[in-house]
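The structure under discussion appears below in the form of structure tokens.
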2 protein chains.
Amino acid sequence: MAARAGVSLGTVSNVLNRPDRVSDRTRSKVERAMTELGFVRNESARQLRAGQSRVLAYVVLDASNPFFTDVAQGIELAADLSELSLFICNSNNSSTREEAYLDLLQQQRVQGILITPVDPGADFLNEVARRGTPLVIVDRVQKDLALCSVAVDDVLGGRVAVEHLIDRGHSRVAFVGGPLSIGQVEDRWRGAQQAWAEAGLPQDALVQLTTSALTVAEGRGAGERLAGMPARRRPTAAFCANDLVALGLLQQTIASGRRVPDDLAIVGYDDIEFASAAAVPLTSVRQPRQELGRTAAELVVDEATNPDHTHTQVTFTPELVARTSTLG
Amino acid sequence: MAARAGVSLGTVSNVLNRPDRVSDRTRSKVERAMTELGFVRNESARQLRAGQSRVLAYVVLDASNPFFTDVAQGIELAADLSELSLFICNSNNSSTREEAYLDLLQQQRVQGILITPVDPGADFLNEVARRGTPLVIVDRVQKDLALCSVAVDDVLGGRVAVEHLIDRGHSRVAFVGGPLSIGQVEDRWRGAQQAWAEAGLPQDALVQLTTSALTVAEGRGAGERLAGMPARRRPTAAFCANDLVALGLLQQTIASGRRVPDDLAIVGYDDIEFASAAAVPLTSVRQPRQELGRTAAELVVDEATNPDHTHTQVTFTPELVARTSTLG
DNA sequence: TTGCATCATTGAAAGGTTTCAACTGCGGTT
DNA sequence: AACCGCAGTTGAAACCTTTCAATGATGCAA
């Protein structure tokens, strides 16, 4: 304790927390001692006394997906306003890692946890809230609505995308993406089907091309499968479950000498930065990523500070951004 | 304390830390009480006693740059092996935020800090180490070598890129990137100049197109400037300071009807995933991103645990990945 | 029966900060 | 001269866990 370097004990605390109640002379004396000794306040002791910290944490599914980093930026924006720091934890699609992080964060008594979970139905999510750490689910929805969540209406996103293609005159369209076990993919596919049915188009003219993951490589593979179809059955447009798949499809299409959008129109999903920067700028369904994060952070802060907090499920509306890949 | 729910006090601690020394009956009694009360071990108190935590932190310059997320993944790999958790903090190119995070992390007594700093020369970096928290600099080098660092030889990267273009027969080349105040950019430019001079080519045939940031938009702008040059002075190839700039340049070139690589060959830097997925797959200089992170994490762990630790500066060698954008 | 070894459990101390009531001087009032 | 108020400072308690020496209980051997 720096006290012995100066002359007092709890006065050090006053210097740190209520400098005005300390005389100039003692204050500078203490401050000098602190720099000399390389004093660093012990946050553990501090927190032990205070009972809570000034930290939020975001447990993210995949830190290398630009979509999530944008969400994180939104969280950070809101956290800053409440003078909170943000720690990002990467679960990397692993339930095990996810649970380990949740344990650690609870034990650290963080103010609140934001999470895009591997499985929104997992028991341990509810358990966290039950034990007193505010928790908000980001970009997923929980079936039993026992927690706050912030998400985007993916069914609507699917509709909007396919309606756009129908408007552009396409009557043979492929849905490219998978696996359907991912909630998002299933919702977007459902929305696509709804729009298709409502336009009165024949069901078998909406083709489903399933991929095993939402990656660029899988998009390329789908392009090859598409090219292999007989011309009269081949779709003239594709709606991809995310932009990575769409970029792969786009690349394969151009590389094989077909033109976008003349031979194949393409719609992606997420509107990541690389969508507009593609060789043919990509039409995509934009989600309000930053706002998603911002809102989630606000909810978690409310849950942490407002005794009258009630759990809320916020749903945002996606928006189509039309570019050359469908407009020609 | 769960003690009153059961019958004892420090026995709870034994249940948690040395379950074998506790009889089955008491153990299950305590465990039951713990679940009933929703008991969560207090990490602050634990740490206060122990004096240190099991956490590493990576203060990253820009969480939305795929390059850094790959580095982070490498760190995580190594951290896992040492049974450490990783918190990612995004300084977002702000010195202020960077310093705030460093303060917080020191106060939390993390095992070690990895950082890609805004300015590797900043005083407060050395100060952190002086106060006892191990710190390793990632992807930058410090002039005075007072700290561990892990970086890639950017001068060599610049040479390799330009040598490749010279090999392909180009005798009029543009270097696109900036500002030069970024150490990386300056090094790559220097390497480019060296290769150029060694090949005996006239100095003014290596044109410098300075951008104000390393973004896709700036790359597009550079493309326009390039197109505006009189044909006989116009470079037939461009070496870009990173892939984002290269992708912008690529997009603008194709959109304006010129062909890559026939009218303009392009080399990028970083080899991010989107480089190979571009409409014309991009030749790029690959850096061993994951290994960068892995090595940095190993160094910081060594500094934290090995009393004989000596500061080390590790430099990796970049590697050219040739693709269609220069090979035709 | 006594003593010993073993196993299970307990109690107290330590770790660094914050808070708060209590104390010390000191100048100013009456 | 006695008192008051006030600014500045102090000491002790509390936060929760871990560790370790000490205690209690049990069974076994002599």
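The model shown is predicted, which means the values in this text are computed figures rather than measured ones. All chains are named by letter (A, B, ...) in the order of the sequence lines, taking the proteins before the strands, and each is independently numbered beginning at 1.
One interatomic measurement links the two molecules: CZ of Arg21(A) to C1' of dC23(C), which rounds to 16 Å at whole-angstrom precision. Taking atom CG of residue Asn17(A) and atom P of nucleotide dT10(D), one finds them 16 Å apart after rounding to whole Å. One interatomic measurement links the two molecules: CG of Leu48(B) to P of dC16(D), which rounds to 12 Å at whole-angstrom precision. In this structure, Gln108(B) atom CD and dG15(C) atom P are separated by 21 Å, rounded to whole Å. Counting to the nearest Å, the P atom of dT19(C) and the CZ atom of Arg18(A) are 5 Å from each other. In this structure, Gln47(A) atom CD and dC16(D) atom C1' are separated by 12 Å, rounded to whole Å. Taking atom CD of residue Gln52(A) and atom P of nucleotide dC15(D), one finds them 16 Å apart after rounding to whole Å. Atom P of nucleotide dT17(D) and atom CD of Gln107(A) are separated by 10 Å, given to the nearest angstrom.
Counting only heavy atoms from C-beta on, Ser13(A) has its side chain closest to dT19(C) among dG16(C), dT19(C), dT10(C). Comparing atom distances between the Leu16(B) side chain and each of dG8(D), dT18(D), dT10(C) picks out dT18(D) as nearest. Which of dT18(D), dG15(C), dT17(C) sits closest to the side chain of Ala45(A) comes down to dT17(C). For Asn42(B), whose side chain is taken as the heavy atoms from C-beta onward, the closest listed nucleotide among dT18(D), dC16(D), dT19(C) is dC16(D). Closest to the side chain of Arg46(B), from the set dT18(C), dC16(D), dT18(D), is dT18(D).
Put simply, Ser23(B) has no side-chain N or O that comes within less than 4.0 Å of OP1 or OP2 on dA8(C). The side chain of Thr26(A) contributes an N or O atom lying less than 4.0 Å from OP1 or OP2 of dT9(D). Here Arg25(A) does not reach the OP1 or OP2 of dG8(D): none of its side-chain N or O atoms lies under 4.0 Å away. Applying the 4.0 Å criterion to OP1 and OP2 of dT10(D), one finds that Thr11(A) has a side-chain N or O inside that range.
Side-chain contact, Glu98(B) with Asn92(B): no donor N or O sits under 3.5 Å from an acceptor N or O. If you check the side chains of Gln52(B) and Gln111(B), you find a donor sitting under 3.5 Å from an acceptor.
The number of heavy-atom neighbours closer than 6.0 Å to CZ of Arg25(A), taken from other residues, nucleotides and ligands shown, is 12 or below.
Across Arg289(B) and Glu273(B), no two heavy atoms sit closer than the pair NH1-N, 4.5 Å. Closest heavy-atom contact between Leu292(B) and Phe316(B): CD1-CD1, 3.7 Å. Residue Ser64(B) comes nearest to Asp62(B) through the heavy atom pair OG-OD1, 2.8 Å, listed as atom of the first residue, atom of the second, then distance. The shortest non-hydrogen separation linking Ser149(A) to Val141(A) is OG-CG1, 4.0 Å.
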Can you pull every protein N or O that's under 3.5 Å from an N or O on nucleotides 12-14 of chain C?
from    : atom 1 : to       : atom 2 : distance (Å)
dA14(C) : N3     : Arg49(B) : NE     : 3.0

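Contact annotation for Arg109(B): no contact, since no heavy-atom pair falls under 4.0 Å across all strands. Using a 4.0 Å heavy-atom cutoff across all strands shown, Asn14(B) reaches at least one base atom of the nucleic acid.
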Residue pair Asp80(B), Arg97(A): steps toward the salt bridge (Lys or Arg N to Asp or Glu O under 4.0 Å) verdict: CA-CA 10 Å; Asp80(B) 264 1; Arg97(A) 291 176 57 93; 2.9 Å; yes
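Two residues, Arg27(B) and Ser44(B), neighbour DNA chain C, and the one matched to the more 5' nucleotide by heavy-atom proximity is Arg27(B).
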